[in-house]
J.: 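Take this structure, written in structure tokens, and hold onto it; I'll ask about it next.
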Amino acid sequence: MAFPVQRMRRLRSSEAIRRMVRETDLSVDDLIYPLFVTHGEGVARPVEAMPGVCNYSIDRMLEELAEVARLKIPGILLFGIPAIKDEYGSEAYKDDGIVQRAVGAIKKEYPNLLVVTDICLCEYTSHGHCGLVRDGQVMNDVTLELLASIALSHAAVGADIVAPSDMMDGRVGAIRSALEAEGYENTLIMAYSAKYASAFYGPFREAAGSAPQFGDRKSYQMDPANANEALREVQQDIEEGADIVMVKPALAYLDVIRRVKEQFHIPLAAYNVSGEYSMVKAAVQQGWVDEKRVVLELLTGIKRAGSDIIITYHAKDVAKWLQEGVEP
Ligand code: PBG
């Protein structure tokens, strides 16, 4: 009964009809732009494995944010690079830590920009793990208190959303009750719920100097082979008080994004991580792919899979291209 009664090409026959029946709409409103903030002044230190990405001191980051605001990107995700690392990640929860100072400065100049802060210890600990270490083990329950202190110190300076990325059990609940107890009941939690033990974080660890000094993260981040487990993680985080859940990385986990979207009706973010960005940049530098079209196609795929929000180092470029009307 189908052909020739149905000719699928009729719906593809002009730009106008393609626009009209397009199912997935990638928009600047979906984007969060990650930034690395460091001590000092006038610093814009390029990250070698991530062309176009720098570690910024607060003054230079504010300049960068002028462009973010001009492009109408709704939010940023902040990572801090501390002055000193120790066993307990002390700078992570200091009132005058790098992220706390940065958030204060940003909120003063850009009160309407959504400021998301990453909550984790790995950038701050000398051993590079996401929790406290005792006898070579990453300890769960004692880490929760520190994570809650980090979140409180970020909320206190005006962070809109705190985003725990450590993968300790119970962290969302611990953070939610600390926020409630201290009067920050309006602070959102974006939980890195299904965060996999991925090789795609390699370039980020160069950017943040956060590679584990022994072992790996497989005892807390998820096994790339698992998807049912991701649904359990998401369910727990929702029960513990998450407002937004996340799947990370994005491209090798599009099925997980889809399944979370179908099962839970909560805003879903996907993190298009550093290694995914670097692979595209490397191919672009070789002249092997068309950057604009490849990036827009990848992000459209992440959106089509079911994510509402995309965290991506390509955010500024994408915002520009969308304004120019570039299509994948
Ligand atoms: C901190 C954290 C990591 C990323 C986000 N938060 C690194 C890691 O878990 O090792 C990765 C982001 C990226 O690769 O772009 N735990």
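All ligand and atom numbering here is 1-based and tracks the order in the structure. FYI, side chains are in, hydrogens and waters are out, and symmetry mates aren't considered; it's all heavy atoms of this structure. Note that the structure is predicted; figures quoted are calculated from it, not measured.
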J.: Tell me yes or no: between the side chains of R259 and N228, is some donor less than 3.5 Å from an acceptor?
T.: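 Distance-only check passes for R259 and N228.
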J.: Counting only heavy atoms and a distance below 4.0 Å, can you name the residues contacting ligand 1?
T.: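 The 4.0 Å shell around ligand 1 contains F79, D118, C120, C122, E123, C130, S165, Y192, K195, F200, Y201, F204, R205, R217, Q221, K248, Y271, V273, S274, Y313.
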J.: Whether the N55 and T38 side chains hold a donor-acceptor pair (N or O, under 3.5 Å, no angle test) is what I'd like checked.
T.: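 T38 and N55 do not have a side-chain donor-acceptor pair below 3.5 Å.
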J.: Do we see a donor-acceptor contact under 3.5 Å between the side chains of Y192 and D118?
T.: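 D118 and Y192 do have a side-chain donor-acceptor pair below 3.5 Å.
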J.: Taking salt bridge (charged side-chain N to carboxylate O under 4.0 Å, His left out) as the cut-off, I'd like each qualifying pair that reaches into residues 288-300, sequence neighbours left out, listed once.
T.: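 Qualifying pairs, neighbours excluded: K281-E291, K292-E324.
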J.: With no hydrogens and no angle check, just 3.5 Å: does a side-chain donor-acceptor pair link Q100 and S153?
T.: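 Yes, S153 and Q100 have a side-chain donor paired with an acceptor closer than 3.5 Å.
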J.: Under 6.0 Å from the six-membered ring centre of Y253 and within 45° of its axis: does the NZ or CZ of K195 meet both?
T.: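 Verdict for Y253: no cation-pi partner in K195.
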